[in-house]
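Report on the following structure.
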Amino acid sequence: MPSLSDYLRSSIWARDLPAEALERVCAESFEKASPAGGYVCRRGEPVEHWIGVVEGLVKICAISPDGRTMTFTEISGGGWFGEGSLLKSDTRKYDAIALRPSHMALMPRATFTWLLDSSIAFNRFLLNQLNERLAQFMATVEYDRLLAPEARIARCLAMLFNPHLYPGIEARLHLSQEEIGFLCGVSRQRANQALRVLEDAGLLKVEYGSITALDVQGLMRFGE
DNA sequence: TCATTAAATTGTT
DNA sequence: AACAATTTAATGA
């Protein structure tokens with residue numbers, strides 16, 4: 001696992017920062033670990049940090065009043081989240097839960113705000129990240145309303161390989177079929193069935209507790 | 001290292 | 001939703 005300092009320095013947004021700015025970011029940020037199943041942060045909490053996943057996998061999710069869970073997206077190593085909440089002065093709107101033992105980098109609000117006020121490069125990065133996220137969620141609504149379940153699941157999974165939002169993602173994703181169901185808005189049974197169709201199409205490989213993407217472009221085009 | 005057991009995940013109805 | 005089968009992880013000799 002990379003050290004916190006190495007992790008911060010290798011983040012995409014850090015590349016165009018002057019050395020002194022990086023020093024300050026490293027000095028003020030800190031690390032936090034969460035066990036599998038543990039909350040990284042919860043809905044309703046005050047938002048004090050921008051959060052980067054150093055290692056592991058974190059889902060951003062909500063739970064319905066009757067207990068059903070739905071997942072918006074999964075953040076893997078290299079990904080950052082929570083900037084939307086930091087830009088507003090409001091409590092956190094969603095839960096973040098570690099799906100595997102995970103390490104997070106926490107950048108305090110003051111540091112984040114300072115970067116925002118002092119670095120055009122950082123602003124450019126954030127604008128791009130917000131734009132990519134908006135595109136992802138617009139696409140999700142589109143797929144949800146226009147596509148058959150198998151194509152929807154294919155594209156939900158393909159979107160996790162967006163290099164802007166999830167720079168450290170690997171072809172093999174350690175997600176159970178139940179979690180894939182939460183992510184794609186289908187039952188575990190439906191996810192199971194769809195995964196086998198996609199495997200037969202040669203687009204991914206299904207294994208115990210994980211899937212391996214073989215053809216992300218193909219997943220994105222499935223059902224056209 | 002191997003066998004046993006529990007827990008997690010998947011397959012099926 | 002429930003149940004059975006399978007895979008992995010944990011434990012202890």
Side-chain angles (χ1 to χ4, degrees), chain A residues 1-3 7 31-43 51-79 81 94-105 136-137 140 143-145 147-162 165-223:
Chain A
M1 184 181 61
S3 77
Y7 174 73
E31 211 164 345
K32 173 188 164 165
S34 288
Y39 279 89
V40 175
C41 47
R42 317 179 75 115
R43 175 180 187 170
I51 302 172
V53 178
V54 180
E55 195 163 82
L57 189 64
V58 175
K59 67 171 175 178
I60 310 301
C61 59
I63 301 179
S64 73
D66 56 321
R68 288 172 301 131
T69 81
M70 70 91 57
T71 302
F72 290 98
T73 192
E74 322 262 347
I75 317 279
S76 46
F81 66 94
Y94 302 106
D95 295 319
I97 299 176
L99 292 177
R100 307 194 281 123
S102 301
H103 280 80
M104 271 63 63
Q136 173 176 333
F137 290 129
T140 301
Y143 301 156
D144 204 45
R145 297 188 182 170
L147 297 181
E150 271 141 26
R152 256 169 54 207
I153 291 165
R155 291 174 199 219
C156 272
L157 294 173
M159 285 192 291
L160 295 180
F161 295 90
N162 177 329
L165 293 172
Y166 317 112
I169 196 89
E170 291 165 23
R172 184 160 187 209
L173 249 181
H174 290 265
L175 275 182
S176 70
Q177 297 182 3
E178 184 176 39
E179 291 296 345
I180 290 172
F182 293 151
L183 177 69
C184 304
V186 299
S187 67
R188 181 172 70 77
Q189 290 89 331
R190 198 70 193 72
N192 178 281
Q193 192 181 329
L195 285 174
R196 278 185 279 179
V197 169
L198 298 174
E199 183 171 46
D200 286 343
L203 301 173
L204 50 78
K205 190 147 81 85
V206 179
E207 289 163 292
Y208 184 86
S210 75
I211 58 163
T212 303
L214 301 175
D215 180 358
V216 175
Q217 289 307 311
L219 285 169
M220 201 46 102
R221 292 207 189 91
F222 186 87

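Numbered from 1 within each chain, the chains take letters A, B, ... in sequence-line order. None of the values given here were measured: they were computed from a predicted structure.
Rounded to whole angstrom, the span from the CG atom of A:Leu195 across to the P atom of B:dT9 amounts to 14 Å. Look at CZ on A:Arg188: it is 11 Å from P on C:dA1, rounded to the nearest Å. The CD atom of A:Gln189 sits 9 Å away from the P atom of C:dA1 (whole-angstrom rounding). Taking atom CZ of A:Arg190 as the reference point, atom P of B:dT10 lies 16 Å away to the nearest angstrom. What separates CD of A:Glu179 from P of B:dT9 is a distance of 8 Å, to the nearest Å. The CD-P distance, from A:Gln193 to B:dT10, rounds to 15 Å in whole Å. In this structure, A:Glu199 atom CD and B:dG11 atom P are separated by 9 Å, rounded to whole Å. If you take CG of A:Leu175 and P of B:dA8, they are 17 Å apart, rounded to a whole angstrom.
Using a 4.0 Å cut-off, some side-chain N or O of A:Gln177 falls inside it from OP1 or OP2 of B:dG11. Distances shown here put a side-chain N or O of A:Arg196 below 4.0 Å from the OP1 or OP2 atom of B:dT12.
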| query | Can you check side chain to side chain contact (heavy atoms under 4.5 Å, CB included) on A:Phe81 and A:Thr73, steps first, answer last? | reply | CA-CA 10 Å; A:Phe81 66 94; A:Thr73 192; over 6 Å; no
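Few gaps surround CD on A:Glu207; more than 12 heavy atoms of other groups in view lie less than 6.0 Å from it.
Taking 4.5 Å as the limit, every side-chain heavy atom of A:Cys184 sits out of range of all side-chain heavy atoms of A:Tyr143.
Nearest heavy-atom pair, A:Ser34 versus A:Met104, reported as atom, atom and distance to 0.1 Å: OG-CE, 3.5 Å.
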| task | Could you encode protein contacts along nucleotides 4-11 of chain C as a string, one character per nucleotide from 5' to 3', using B for base contact, S for sugar-phosphate-only contact and - for no contact, with a heavy-atom cut-off of under 4.0 Å? | result | ---BS---
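Side chains of A:Arg188 and A:Asn192: a donor-acceptor N/O pair is absent below 3.5 angstrom, by distance only.
Shown are A:Leu173, A:Leu219, A:Thr212; of these, the side chain to side chain contact (heavy atoms under 4.5 Å, CB included) with A:Leu204 is made only by A:Leu219.
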